[in-house]
Amino acid sequence: MTTTEQLDWRGHAQRLADLLWEHGDIDSPEWHAAMVEVPRHVFTPRVYDQDHTGRWISWDGADNLARVYSPNTLVTALADRGGYQEPVSSSTNPTLMMRMLAVLDPQPGDRVLEVGTGTGYNAALMCHRLGDRNVCSVDIDRDLVDGARGRLESIGYRPTLAATDGDGGLPSHAPFDRIIATCAVPAIPRAWVEQVAANGTVLTDFKLAISAGNLVHLQQMGDVVEGRFLARRASFMQMRHDDAVQPAVARANGGRERRRQPGPAQPWRDIPVVWFLAQLELPRGVVYGMVLDQDTREPSAATLTAPDGSWASIDLSGDTVTEAGDTDVWGPVERAYRLWLDADRPGWDRLGLTVTGDGEHRLWIDDPHGPLSWPLPS
């Protein structure tokens, strides 16, 4: 078997690190050195791609170093979900990883908690910069944690790893100067607020619904954590807790057609901030979809469906919306669009979040104490 020492991987790692440095994604010599000296292929022994039929095809990371040392996300683990396979772990795009580590900005001596161990590659980069004893990482999937531990040890790193629900942090090793989550959460867990040190920071993907969110960087400020969303959008898999399957809900019958107000028919794709603001009114669990024309197989309508079966179908070629059920699922989108226009079309970096010690979340635009501030539904 070919070992890491026998592979000519360092040139690939150097080129990737230089590329990210040139593009401004790496902002310090220390992170550049970490990317050069930590072998990514060790953490991606098996990678999965989908072919044109949707079938997953695997390949060996050590045999495809150019693909491994590229600014791409690599799917590294699949799980069966109702008869089909879906990704449950990946090695995040190094561009995004380095941007996040730059924002996190841990300093020598800082203790960091990573929520979402995954392959272990991100933990290795932090170990290179901060030392093993200052890095803790948790993941709910014991197999992932055990695999990451073996890979980390194979190249000389021994951070603290634990197979546990990331929602609870790691109280036995708290407080932490930095908490970074490589998964999405619909609310900032209270444990993270309690376990972050004074003036420490939390960086996570805050997502209220599918595609409705972005990375937010929060600072501990007395009895709250508060901060802004990052200007560039990024997205992670949702934090996993268990494999419970939600029961199917019958779709509401009938439908009433009306003219829809001006605005994007698919805000989750065209204006994600509007889709995020719509969550101020929408119930949790609303999903979007698409209707295809039976003849052309091209999209003819976008759909929204609520957990109670209420739905809306938005005509993509006209100005009508058809709705059914007890829950208004398109009206909140129209009102969010007007709010966005009235606020002078804010980008992500004008949005912020405040989380109190008792778990209250407030979303705001520009100023946490200004007029554009709203409590988020629990």
J.: Distance only, no hydrogens: is a donor on one side chain within 3.5 Å (strictly under) of an acceptor on the other, for Thr303 and Trp311?
T.: no

J.: With sequence neighbours excluded, what pairs up with Pro332 under the side chain to side chain contact (heavy atoms under 4.5 Å, CB included) test?
T.: Glu281, Leu282, Asp328, Arg335

J.: Any side-chain to backbone donor/acceptor pair from Asn64 onto Arg67? Under 3.5 Å, distance only.
T.: no

J.: According to a hydrophobic-cluster definition based on side-chain heavy atoms being under 4.5 Å apart (Ile, Leu, Val, Met, Phe, Trp, Tyr only), do Leu104 and Val135 belong together?
T.: yes

J.: Checking side-chain polar atoms at under 3.5 Å, does His32 have a donor or acceptor matched by the opposite partner on Asp18?
T.: yes

J.: Would you say Ile188 and His361 make side-chain contact, with heavy atoms under 4.5 Å?
T.: yes

J.: Is any side-chain heavy atom of Arg178 closer than 4.5 Å to a side-chain heavy atom of Asp110?
T.: yes

J.: Could you check whether Arg350 pairs with Asp366 (Lys NZ or Arg NE/NH1/NH2 to Asp/Glu carboxylate O, under 4.0 Å)?
T.: yes

J.: Decide side-chain contact (heavy atoms from CB on, under 4.5 Å) for Asn122 and Thr182; before the verdict, give the C-alpha distance in whole Å, the side-chain angles of both, and the deciding distance to 0.1 Å.
T.: CA-CA 9 Å; Asn122 200 47; Thr182 53; 4.2 Å; yes

J.: Grouping I, L, V, M, F, W and Y whenever their side-chain heavy atoms are under 4.5 Å apart, do Val321 and Leu316 come out in a common cluster?
T.: no

J.: Between the main-chain N or O of Val329 and the side-chain N or O of Thr327, is there a donor-acceptor pair closer than 3.5 Å?
T.: no

J.: Between Arg158 and Asp132, is the salt bridge (charged side-chain N to carboxylate O under 4.0 Å, His left out) condition met? List the steps.
T.: CA-CA 6 Å; Arg158 289 174 174 78; Asp132 297 2; 5.8 Å; no

J.: Any idea how His41 and Trp9 line up, ring-wise: parallel (<30°), tilted (30 to 60°), or perpendicular (>60°)?
T.: tilted

J.: Are any of the side-chain heavy atoms of Arg258 and Glu323 separated by less than 4.5 Å?
T.: yes

J.: Is any side-chain heavy atom of Thr44 closer than 4.5 Å to one of Trp59?
T.: no

J.: Does atom CZ (Arg133) have a neighbourhood of more than 12 heavy atoms from anything else shown, all under 6.0 Å?
T.: no

J.: With no hydrogens and no angle check, do the side chains of Thr92 and Tyr121 hold a donor and an acceptor under 3.5 Å apart?
T.: no

J.: When you measure from the side chain of Ser310 to the backbone N and O of Asp326, does any donor-acceptor pair fall under 3.5 Å?
T.: yes

J.: Mind checking whether Phe276 and Leu351 have side chains closer than 4.5 Å, heavy atoms only?
T.: yes

J.: As a quick check of understanding, evaluate side-chain contact (heavy atoms from CB on, under 4.5 Å) for Met100 and Leu215, giving each step before the final call.
T.: CA-CA 9 Å; Met100 291 180 67; Leu215 294 173; 3.9 Å; yes

J.: So that I can tick it off, tell me whether Arg151 and Asp146 are bridged by a salt bridge, with the cut-off set at under 4.0 angstrom between side-chain N and carboxylate O.
T.: no

J.: I'd like to know if the side chain of Thr305 pairs up with that of Arg251 as donor and acceptor (distance under 3.5 Å, no hydrogens or angles considered).
T.: no

J.: Do Arg259 and Asp319 sit within salt-bridge range, that is, some charged N less than 4.0 Å from a carboxylate O?
T.: yes

J.: Partners of His23 by side chain to side chain contact (heavy atoms under 4.5 Å, CB included), sequence neighbours excluded?
T.: Leu19, Asp25

J.: Is it the case that more than 12 heavy atoms not belonging to Asp358 sit under 6.0 Å from its CG atom?
T.: yes

